[in-house]
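Report on one structure; see the data block that follows.
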Amino acid sequence: MVDFSSLAQKYGTPLYVYNFDVIAQKFVALKEAFKARKSLVCFAVKANSNLSVLKHIASLGAGCDCVSIGEVKRALHVGIPKYKIIFSGVGKRDDEIEEALKNDILMINLESEEEMGRVEMIAKALGIVARISIRVNPNIDAQTHPYISTGLHENKFGVDIDSAKRMYIQAKNSAFLDPVGIHFHIGSQITQIEPFREAALVLANLVRNLKSLKIDIKFFDIGGGVGIQYKDEITIPLYDYAQAIFSALQGLDVTLVCEPGRYLVGDSGYFLTRVLYEKHNGHKRFVIVDGAMNDLIRPSLYGAYHEIEAFGKEEGETSLADVVGPICESGDFFAKNVELPRLEHDDLLVIKSAGAYGFTMSSNYNSRNRVAEIALEAGKDRVIRKRESFEDLIDLEKEYV
Ligand code: LLP
């Protein structure tokens, strides 16, 4: 049991806390599920890009899936081997492609024919061969929130099977492209196994097809997307997930690559915020806290549910309340109509499952300093990002006034 009260006292609030031991457990469980095959786990950096989190993940043996050159550089900075780094994303600038190629990372995931043209041109100018993978959009409904569903043709991601095939043939005939991988990522927070099974089957068939054209795919990248339990979702058993993929891959000698983000770090994280005051507008009860949507935007943006615990106040009568932040928007809330005990100034709320897409999606809106991040490991706590100061806020502007 984590003593959130001491942590809040020691480091102040609002605060992100990540339990590194939980991340390690999640990683080991995933590797265990995949152990019947060669596999490479590339953590989706966008979920949590703190350098110490990445270093911890590197120490476990994971690589990184990056969607900007900034993320690639973070991964390299903490010593993730270049041969474990993938560069994905629907739009990459020329300078990002060039830097990724110069760094000789494992592969660039391509999402359009135009992008392949740019990568080929840049590789040619550098006099190197670019290892590439193609993100196939299998037109499968991941049955998740529309904002985080990515595997349908109506989504902007990847290319359809026919275009992919054409691109592979073109890449094989290019002196500057080496088509080593195939990729799908159909969405996030997925709790059904079927969409994964279907996507894997579709892509495995394409791999067989390509083999007959003497195009030998070495890396089969199944993306991320495995959901976690925020409320009462029934998550996918990892063993079943792995078996579904394995059965699609029968007879194929490929290294399995996966890109989990939320699965690895989501459950490890807590967002700590203190009550400023309670307020009633008519019958409506509001608990106003010192954290806000700029710190954790998931409830505002997706209507996402995060369990909230009133720390040390487990007993006693409860009533319905909205938990809201100080930002000047009605959309600034962490929860609506949740049962909470009567709360007072300085009471601590612990917002759970906040390790993924929490801090990374935070901003300085309303000139609020971004909060500190803390790691818990083997019973010890330490700062992994200090709280921003007012000086940090104005640092890039002050010389111009
Ligand atoms: N690979 C690719 C190419 C991705 O686009 C993503 C996530 C992942 C892997 C990792 O997916 P995960 O395992 O975390 O589901 N901000 C949203 C989630 C956006 C996900 C974007 N792509 C949220 O807070 O729910």
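For ligands, and for the atoms within them, numbers begin at 1 and follow the listed sequence.
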Inset, instruction - Take the angle between the ring planes of Phe184 and Phe196 and call it parallel below 30°, perpendicular above 60°, tilted in between. - result: tilted
Legend entry - Element-labelled atoms of ligand 1 that are located less than 4.0 Å from some non-hydrogen atom of Ala44: 8 (C), 9 (C), 10 (C)
Inset, instruction - Using a strict cut-off of less than 4.0 Å between a Lys/Arg side-chain nitrogen and an Asp/Glu carboxylate oxygen, indicate whether Asp178 and Lys172 qualify as a salt bridge. - result: no
Legend entry - Listed partners of Tyr270 passing ring pair (Phe, Tyr, Trp, His ring centres under 6.0 Å), at least two apart: Phe4
Legend entry - Nearest candidate to atom 11 (O) of ligand 1, where distance is taken over non-hydrogen atoms, out of His185, Arg262, Arg298, Lys46: His185
Legend entry - Within-shell test, Ala356 vs ligand 1, heavy atom, strictly < 4.0 Å: no
Inset, instruction - Only heavy atoms count here, so choose which of Gln189, His183, Glu259 is nearest to atom 9 (C) of ligand 1. - result: Glu259
Legend entry - For Pro260, the ligand 1 atoms whose distance to one of its heavy atoms is below 4.0 Å: 13 (O)
Inset, instruction - Report yes if Tyr357 has an N/O atom closer than 3.5 Å to an N/O atom of ligand 1; otherwise report no. - result: yes
Inset, instruction - Using a strict 4.0 Å cut-off to heavy atoms of Arg135, name the atoms of ligand 1 that fall inside it. - result: 3 (C)
Inset, instruction - Examine ligand 1 and decide if any of its atoms is less than 4.0 Å from a heavy atom belonging to Ala47. - result: no
Legend entry - Tyr302, portion touching ligand 1 at heavy-atom distance under 4.0 Å: side chain
Inset, instruction - Please determine which of Ile374, Ile384, Val265, Leu376 meets the side-chain contact (heavy atoms from CB on, under 4.5 Å) test together with Tyr18. - result: Ile384
Inset, instruction - For ligand 1, indicate whether the residue Asp65 contacts it via side chain, backbone, both or neither (heavy-atom separation under 4.0 Å). - result: side chain
Inset, instruction - For ligand 1, find out whether one of its N or O atoms is nearer than 3.5 Å to an N or O atom of Val226. - result: no
Inset, instruction - Inspect the contact between Glu114 and Arg118 and indicate whether a charged nitrogen and a carboxylate oxygen are less than 4.0 angstrom apart. - result: no
Inset, instruction - Return the set of residues passing ring pair (Phe, Tyr, Trp, His ring centres under 6.0 Å) with Phe334 (not counting sequence neighbours), or none when no residue passes. - result: Phe271
Legend entry - Numbered atoms of ligand 1 (with element) below 4.0 Å of Gly261, judged on heavy atoms: 12 (P), 13 (O), 14 (O)
Legend entry - His306/Tyr230 aromatic ring centres below 6.0 Å: yes
Legend entry - Charged tip of Lys46 within 45° of Tyr357 ring normal and under 6.0 Å: no
